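In what follows, a single structure is set out as C-alpha cells and then discussed.
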Protein chains: 2
Amino acid sequence: MSPKLNRQSRVSDIAKALGVSPTAVSFALNDKPGISTKTRERILAAIAEINWSPHYAARALSDGRTSTIGLVIARSPKAVGSEAFFMQFMTGMQAKLSQRGYGLLFQVATSLERECVIYEQWADQHRVDAVAVVDLHRDDPRPRLLKELGLKAVIAGEKSSLLPSVYIDDKVVMEQMLTHLEERGHKHVTYVAGNKQLRHVSQRAQVALKRRGPKVEVEYTDYTAEQAAAAVRKQLTGTGPTAYVFDNEALTIAGVQTLREAGAQIGRDVAVASLEDSLTCEAMSPPITAIHRDTYRFGEAVADTLLAGEETEPFDLSPRLIERDSTKTVFD
Amino acid sequence: MSPKLNRQSRVSDIAKALGVSPTAVSFALNDKPGISTKTRERILAAIAEINWSPHYAARALSDGRTSTIGLVIARSPKAVGSEAFFMQFMTGMQAKLSQRGYGLLFQVATSLERECVIYEQWADQHRVDAVAVVDLHRDDPRPRLLKELGLKAVIAGEKSSLLPSVYIDDKVVMEQMLTHLEERGHKHVTYVAGNKQLRHVSQRAQVALKRRGPKVEVEYTDYTAEQAAAAVRKQLTGTGPTAYVFDNEALTIAGVQTLREAGAQIGRDVAVASLEDSLTCEAMSPPITAIHRDTYRFGEAVADTLLAGEETEPFDLSPRLIERDSTKTVFD
DNA sequence: CTGAAAGCGCTTACAG
DNA sequence: CTGAAAGCGCTTACAG
C-alpha cells in the first residue's frame, strides 16, 4: 500500500493513493454496490492496514445519520432509584449498539420537563438517531412530544400506542409474588410502592388491589428511606399485615430496618419480599425473597428494537421468584 | 419575528429572515465579537423564540469540536464490579458536562485491548473531544496510546506523568481502615483485595503490607464471589485473622457469607469492614463498617478537569470511615 | 462499473 | 461592523 497513507488521511487521499475515485472508497466503506469485488477488497485492505476510520461529523452531515442512540434518565439526587438496574440496562444496550457501530449518549435530567427539553434540542441538532425512553408515567408527555419532533424512539418497559416499545408484563411480577405469599398463608399484605405516577408502579398496584386472596394495602413513596419508614410505621399501628412487599432495593432496606426497630423478626414474625432482586437481597440476614429479572438482556432487546426500526415486540423478561428465608415461615 | 422561521430552519434562513448575514448569526450563536449588541440581541431573541439549535454534525465538522466526552469502562460480565460507583461517577460527570453543552458517550469494552481499539477509532473519527480513563492498571498502555493518538484525556483516580489527572489518595483509605482496626486491638488482618493489576488495589496492598502495627495478609481476587469465598476459606485454616477488610461491596457480601457458613459471628468472633460504602453495608446485619466517599463529586471534578484543559489537580474525595457494628468489638 | 461535481449546514478567514 | 465565499470531509445523485 502507499506509504503516504495514515490514519489522518481523508477519503480523497486514499482514493488518490489507490488510483480510484473517492466514490469508490465511499462505496467500499459503506458496503454499497457499484464497484468490482476486486476494487472493493483492495480498498478495504488499504483501510484496514492503516487502521483508518472516516470522520464522524463529516459522515453524519452528509448521510444524515448520527449512529448514536440517546438515553436520558430523569432522577432526582434524593431518589437515586435503582442504580443497579440502570447500569445493567445501559450495559446491555451498549453491548448490542456497539456491535453495529452505534454509540450511546447518556444524559441525566432533573425532571421530566428538563428531559423533554433535551429531546427538543437533540431533535433540532440532529444529535441522535433515536432515543430509548424509560420510566413511563401516567399521562406521560414524552411519546407525543417525540412523535411531534419526529425523533425515533422506543419505549422501554411499557406499551405505547404512539411508539414502538419493548414491553414487559409487570402484572406477572406482582402476581407471582402474591401467589407465593398466599401459599405461605398470608391474608394481609402491604405493598410499599414507589412513585404512584410511574406506570409500572400503578400497574402493580392495580393487580394487587384487584387480586382475590390476600387483602393488599398499597403505600406509595418517593423511594426515599424516610417515606419507606413512614409507610411501615403507619402499617404497624393497628392490626398490621403479616407480609410486606417492597418495590425495590432501597425501599426494602429501609423497610426492614424499620421493622427491626419495631422489634419484628423478619422471616418469622413478618415476611418481607422485594420486587427487585439484587446482591443486597441475597446478602441480608435473613436473605430476602425477590423477583429476579434479566435487566442486561432487557437492555439488549431495547437496543435491537431501536436498530430494527418500527417493529413492536412483546418481550419476556422471564421474571422468576427467588425464594429466600425472609418468606419461609407459613402463617395461618 | 418572521413567521417563516421554525426549528427546521438553517442559519441562512434565519439570516435572511432577519436581514443579516449568516456570519452575524453564527457570531451571535457562538458569542463571538464582530456584531453590534443590538444585532446580537435581535438574533438571539429570534433563535430563542423558535427554540432553534444548530445542526450538530455541521457545527462539529466546521469547528472541529464535538462537544462530547467519551467514557469507556472495561468490565467482564462476571466481574460486574461496583455498579453503584460507576453510576454515581457518570451521573456526577454528566451533570457538569451538560451545563456546558457537552454530552457523555458511554461504551463498555470486554477488555483493556478492546478499550484501546475504541480510543483509536474515536481518535480517527474525531468522535469525542476528550476521554476520561478509569481503573488504571500497572503498566497501563492507555496513557501512552492516548498521548500518541493526540486524544485529550484525564486519568480519573490515579496520578499520571503523561496526562492530566484527578488524583485520589488511595493510601489514606487503607490507612484510615487499619488505624481503626488497630484501635480495636486487631493484630492480624486479612485484606481481600480486587484485581492485583489495578493500581489502586496494589497501592492499598502496599500500604497494608508496609504498615507497622497489625500484621496484614493480602489475598487478591477477580472480584467474583467464588474467589472471595476461596480467599476467606484459605485464611480460616490455621490461625486466621481477627479482622477482614474487603475491597468492595461484592467481595464483602461473599466474604461475610463464607464466614457465617464457617460458624463465625460477624462483629463478635471476627471483624469485617469494606473499603467501599454502599446501601448494602448499612443494610446487612450487623451493619458493616466502611469507607464512604463522594463518588458523585468525584465525577464532577473529573468533568471540570476535562473541560478546563490541561491542568492537573489533586482532589480530596474526603474519604471517611463510617463505623458500624461489624467492627465494634475490641479484641485483645 | 467509474469519476467529477454538488451538497450536507455550519464556521471563519478575508475583503470591504 | 458586515457580507460573499471558501472550507470542514464525507456521501450520493448524475453523467459517462
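None of these values were measured; they are calculated from a predicted model.
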Give one of base, sugar-phosphate or nothing for [X], where a contact means two heavy atoms less than 4.0 Å apart.
{"X": "A:L61", "result": "base"}
{"X": "A:S12", "result": "nothing"}
{"X": "A:S36", "result": "sugar-phosphate"}

With nearest nucleotides of DNA chain D determined for B:V20 and B:D63 from heavy-atom distances, which residue corresponds to the more 5′ nucleotide?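 Its nucleotide being nearer the 5' end, the pick is B:V20.
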When you match B:A58 and B:P22 each to their closest nucleotide on DNA chain D, which lands nearer the 5' end?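 Of the two residues, B:P22 wins.
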Using a strict threshold of under 4.0 Å (side-chain N to carboxylate O), is an ion pair present between A:R199 and A:E158?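 Answer for the salt bridge query: yes.
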Looking at B:D13 and B:R10, does any basic side-chain N land under 4.0 Å from a carboxylate oxygen?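 Yes, B:D13 and B:R10 are salt-bridged.
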Under 3.5 Å, side chain of B:H55 to main-chain N/O of B:A57, donor-acceptor pair present?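 A pair under 3.5 Å: yes.
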Using a 3.5 Å distance criterion without hydrogens, assess whether the side chain of B:N30 forms a donor-acceptor pair with backbone atoms of B:F27.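 Side chain of B:N30 to backbone of B:F27: no pair is present.
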Nearest-angstrom distance, [atom1] atom, [N] to [M]:
{"N": "D:dG9", "M": "D:dA13", "atom1": "P", "value": "23 Å"}
{"N": "D:dC10", "M": "D:dC14", "atom1": "P", "value": "23 Å"}
{"N": "C:dT2", "M": "C:dA6", "atom1": "P", "value": "23 Å"}

Hey, where on DNA chain C does chain B first and last touch, going 5' to 3'? Cut-off is any atom under 4.0 Å from a heavy atom.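 For DNA chain C, the relevant span reads C:dG9 to C:dA13.
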For D:dA13, which nucleotide in any strand shown is its Watson-Crick or wobble partner with both distances under 3.5 Å?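 Check on D:dA13: unpaired, no WC or wobble geometry under 3.5 Å.
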Suppose we define a pair by two distances each less than 3.5 Å, Watson-Crick or G-U wobble; what does C:dA4 pair with here?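 Per the H-bond distance test, none.
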Can you tell me which residue pairs pass the salt bridge (Lys or Arg N to Asp or Glu O under 4.0 Å) test with a partner in residues 122-131 of chain B, sequence neighbours excluded?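 Found A:R7-B:D124.
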Is the ring centre of A:F89 less than 6.0 Å from the ring centre of A:F298?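 So the answer is yes for these two rings.
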